[in-house]
A.B. asks: 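Below are the structure tokens for one structure; questions will follow.
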Amino acid sequence: MQNVKRSAHTPKTQTLARLAKLNFLAFGIVITIFPFVWVALMGTHTRSEIFSSPPPFYIGDNFIDNYYKLLEIMPFWLVLWNSLFISVMGTIGAVFFCSLCAYGFFAFEFRGKNIIFTLMIASMMVPPALLLIPFFLTVQFLGILDTHFALWFPAIANAFGIFLVRQYMVTAISKDLLDAAKVDGASHLRIFLVIVLPLIKPVLATLGIVMFIGLWNNFLSPLIVLSSPDKFVLTLALRSVQSLGDSPWGAVMLGTFLSMLPLLIAFLFFSKQIMAGLTAGAVKG
Amino acid sequence: MQFVGLQNYITALDDPWFWKSLYNTLWLAIVSGVPQHILAIPTAYILVATLRPMLRHIISATLFIPFITSTVAVSMIFYSIYSANTGILNQILVGLAQVPIIGWLFSWAPDAMPIQWLTRSDLLKPAISAVVIWKYTGFNILVYSAGFMTVPNQLYDAAKVDGCNRFQLFWHIALPMIRPFIFFALTLTIIGNLQLFEEPFILTTGDSGGIAQSGLTTTYYLYLVGWEWLEMGSASAISWILFLLIALATAIHFFFNGKQGMEGHR
């Protein structure tokens, strides 16, 4: 069928082009995947095997030793729990409060609404690196340095989430529906919980995905907020074992691999939703 | 706290490390930014124009994986890959020199060993850029795929009737149609790349910007000044200057590309 369509090309150049295209894509995929395969392999080797030549392109038998070594150099499960706790609290909080606030922007008319909404969107333009100092000073002022609270609580009200949910509400919910519910005597809280929330489930999933991945991978704010090793999150704990003298690379690489594993597994099952979520702003742009 | 006028700004502008960090930031922003798009646009076009949706999804999802993994974890992996004496990259280069046909391309490799990717001031920035390109190209491919999918098929058909070949279809039909997407993706790259922190920080083990400060980006320096040296005042001045730099770069981008970028939109 295709041959007929593209009769302008001779079969020979066509096969060549096809071959080049496939090689190009295959090369890209190999480059993309290789570091992940490599880290998984290294997690199963001893230090001397990793540093041997030729490099060990096979699954080693030192996994158990590396695992115990990993527990020696950092409290891995505690740190994993810290990451999970912060990510889950921040995600649940953000999904609830952002949709609540978005409902406010969607359902109510009040003076200065447009100005507040514009200001909120403008705040999204401020590069995160620049918010570091005000964030740190606020946390310090509130006396919540070195707590997990300082990491997940500020995340629950964020302009991106409110904007995302509000935009979705505009397309998914008709004002008539709200009016009908009001005529029936439903309070705003009831309308929000019973009518609006079920209708905006898809965007809540999107927001949840974006929040969870962002919080799980977060490094800069834990770096400036947390100081005691038993409160560290995964990213911070990994960095702290990076420059140990005589680094046990097998154990460090095992820890690195395990820290990525939850998101990788989630991506295996929900790749469509995750990709749509993380490009939400872009694709609608 | 006491009022010191512009003292913090003067300190920052007098500081050779600060100027170095600005230079590094701009260098990295360009070298790690441009290739992302040069790679992503043709890849996205190939994916959209020639592959079935199922295969397209599998490939673009695979290329997207680096984007969802933590930058710290990824940089740790590359830290070991770049390792001079035993890193897999150097071993692969030596290995390639022994492969029959393409070996001569890499014949320089065995003599150059060990290549100190992360502890040579001329190689550190390219090494950092490679990680950034590796991590964000998949995201751009996704954005551009969405762009190419908005191009109506009739346009291609009409152009084919007029005798356009494949390349002309890409260059004259598809590319102009995705201008808004290029504009948007470039904006994200500019803003993101001017704030690079985690990649250089991990690859230099957080040690004052690596050899001769050649990996010191402005955000990295901001962190060192504010949290290692506890000079919040100077750090604030640096962050304002960085803000101006980002605003300026974005404004220049909007000025030159904005009109065309927005135009395909409405």
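The basis for the numbers below is simple: all heavy atoms, side chains too, and nothing from hydrogens, waters or symmetry mates. Sequence lines set the chain letters: A, B, ... in the order given, protein chains first and strands last, and positions in each chain run from 1.
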A.B. asks: When only pairs under 4.5 Å are counted, which of Ile88(B), Thr71(B), Leu222(B) shares the most heavy-atom pairs with chain A?
C.D. replies: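 Maximum pair count with chain A is reached by Ile88(B).
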A.B. asks: Over all heavy atoms of both residues, which pair between Pro35(A) and Phe78(B) is shortest? Give the atoms and the distance, please.
C.D. replies: CG-CZ, 3.9 Å
A.B. asks: Evaluate the side-chain proximity of Met260(A) to Ser70(B): yes if any heavy-atom separation is below 4.5 Å, no if none is.
C.D. replies: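 Not touching, per the 4.5 Å side-chain cut-off.
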A.B. asks: At their closest point, which heavy atom of Met76(B) faces which heavy atom of Met253(A), and how far apart are they?
C.D. replies: O-CE, 3.6 Å
A.B. asks: Is any side-chain heavy atom of Ser83(B) closer than 4.5 Å to one of Trp249(A)?
C.D. replies: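 With C-beta onward as the side chain, the pair stays apart.
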A.B. asks: Could you tell me if the side chain of Phe257(A) sits less than 4.5 Å from the side chain of Ile77(B), heavy atoms only?
C.D. replies: no
A.B. asks: Ile68(B) versus chain A, heavy atoms under 4.5 Å apart: side chain, backbone, both or neither?
C.D. replies: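 Contact with chain A is through both the backbone and side chain of Ile68(B).
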A.B. asks: Using non-hydrogen atoms and a 4.5 Å limit, figure out which bit of Ser60(B) sits close to chain A: side chain, backbone, both or neither.
C.D. replies: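 Both backbone and side chain of Ser60(B) come within 4.5 Å of chain A.
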A.B. asks: How many angstroms lie between CG in Leu238(A) and OG in Ser75(B), if you round to the nearest 0.5 Å?
C.D. replies: 11.0 Å
A.B. asks: As an exercise: rank Ala17(A), Ala129(A), Gly28(A), Ala266(A) by heavy-atom pairs under 4.5 Å with chain B and give me the winner.
C.D. replies: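 Heavy-atom pair counts peak at Ala129(A).
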A.B. asks: For chain B, which candidate among Ile133(A), Ile31(A), Leu236(A) shows the most heavy-atom pairs at distances under 4.5 Å?
C.D. replies: Ile133(A)
A.B. asks: Listing request: all side-chain hydrogen bond (donor to acceptor under 3.5 Å, both in side chains) pairs with a residue in residues 24-41 of chain A, at least two apart in sequence or in separate chains.
C.D. replies: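 Sorted result for residues 24-41 of chain A: empty, none.
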A.B. asks: Nearest 0.5 angstrom please: Leu142(B) CG to Met275(A) CE, how far?
C.D. replies: 4.0 Å
A.B. asks: Name the region of Leu220(A), side chain, backbone, both or neither, that has any atom closer than 4.5 Å to a heavy atom of chain B.
C.D. replies: both
A.B. asks: Looking at Ile33(A), Leu223(A), Leu264(A), which one has more heavy-atom pairs under 4.5 Å with chain B than the rest?
C.D. replies: Leu223(A)
A.B. asks: Quick one, Leu51(B) with Leu25(A), criterion side chain to side chain contact (heavy atoms under 4.5 Å, CB included). Give me CA distance, side-chain angles, the key distance, then yes/no.
C.D. replies: CA-CA 11 Å; Leu51(B) 295 181; Leu25(A) 290 178; 3.9 Å; yes
A.B. asks: Could you please state which residues from residues 194-203 of chain B sit under 4.5 angstrom from chain A, measuring non-hydrogen atom to non-hydrogen atom, sorted by number, or 'none'?
C.D. replies: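 Hits under 4.5 Å: Gln195(B), Phe197(B), Glu198(B), Phe201(B), Ile202(B).
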A.B. asks: If you take all heavy atoms of Leu278(A) and Phe139(B), which pair is closest and at what distance?
C.D. replies: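 Heavy-atom minimum between the residues: O-CE1, 3.6 Å.
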A.B. asks: What I'd like to find out is whether the side chain of Thr219(B) reaches to under 4.5 Å of the side chain of Leu130(A), using heavy atoms alone.
C.D. replies: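 Counting from C-beta outward, Thr219(B) and Leu130(A) never come under 4.5 Å.
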A.B. asks: By a 4.5 Å heavy-atom criterion (distance strictly below it), what part of Leu47(B) contacts chain A: side chain, backbone, both, or neither?
C.D. replies: side chain
A.B. asks: So what's closer than 4.5 Å to chain B heavy atoms on Ser259(A): side chain, backbone, both or neither?
C.D. replies: side chain
A.B. asks: Is the shortest heavy-atom distance from the side chain of Leu132(A) to the side chain of Ser239(B) under 4.5 Å?
C.D. replies: no
A.B. asks: Is there a side-chain contact between Ser271(A) and His57(B) in this structure, where contact means two heavy atoms from C-beta onward sitting under 4.5 Å apart?
C.D. replies: yes
A.B. asks: Under a 4.5 Å cutoff for heavy-atom pairs, which residue among Leu39(B), Ile65(B), Ile246(B), Ile191(B) has the most contacts with chain A?
C.D. replies: Ile65(B)
A.B. asks: Would you say Phe24(A) has more than 12 foreign heavy atoms packed within less than 6.0 Å of its CZ?
C.D. replies: yes
A.B. asks: Side chain, backbone, both or neither: which part of Pro134(A) has an atom under 4.5 Å from a heavy atom of chain B?
C.D. replies: neither
A.B. asks: Does Trp81(A), at its CH2 atom, have more than 12 non-hydrogen atoms belonging to other residues, nucleotides or ligands within less than 6.0 Å?
C.D. replies: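 Counting other residues, nucleotides and ligands, CH2 of Trp81(A) stays at 12 neighbours or fewer.
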A.B. asks: Is there side-chain contact between Asn217(A) and Thr69(B), with heavy atoms separated by less than 4.5 Å?
C.D. replies: no
A.B. asks: Is any side-chain heavy atom of Phe243(B) closer than 4.5 Å to a side-chain heavy atom of Pro127(A)?
C.D. replies: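 Result yes, sub-4.5 Å side-chain heavy-atom pair found.
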A.B. asks: So which of Leu234(A), Ile29(A), Ile213(A) has the biggest tally of heavy-atom pairs under 4.5 Å with chain B?
C.D. replies: Ile29(A)
A.B. asks: With under 30° as parallel and over 60° as perpendicular, where do the rings of Phe136(A) and Trp227(B) fit, or are they tilted in between?
C.D. replies: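 The rings of Phe136(A) and Trp227(B) stand perpendicular, inter-plane angle above 60°.
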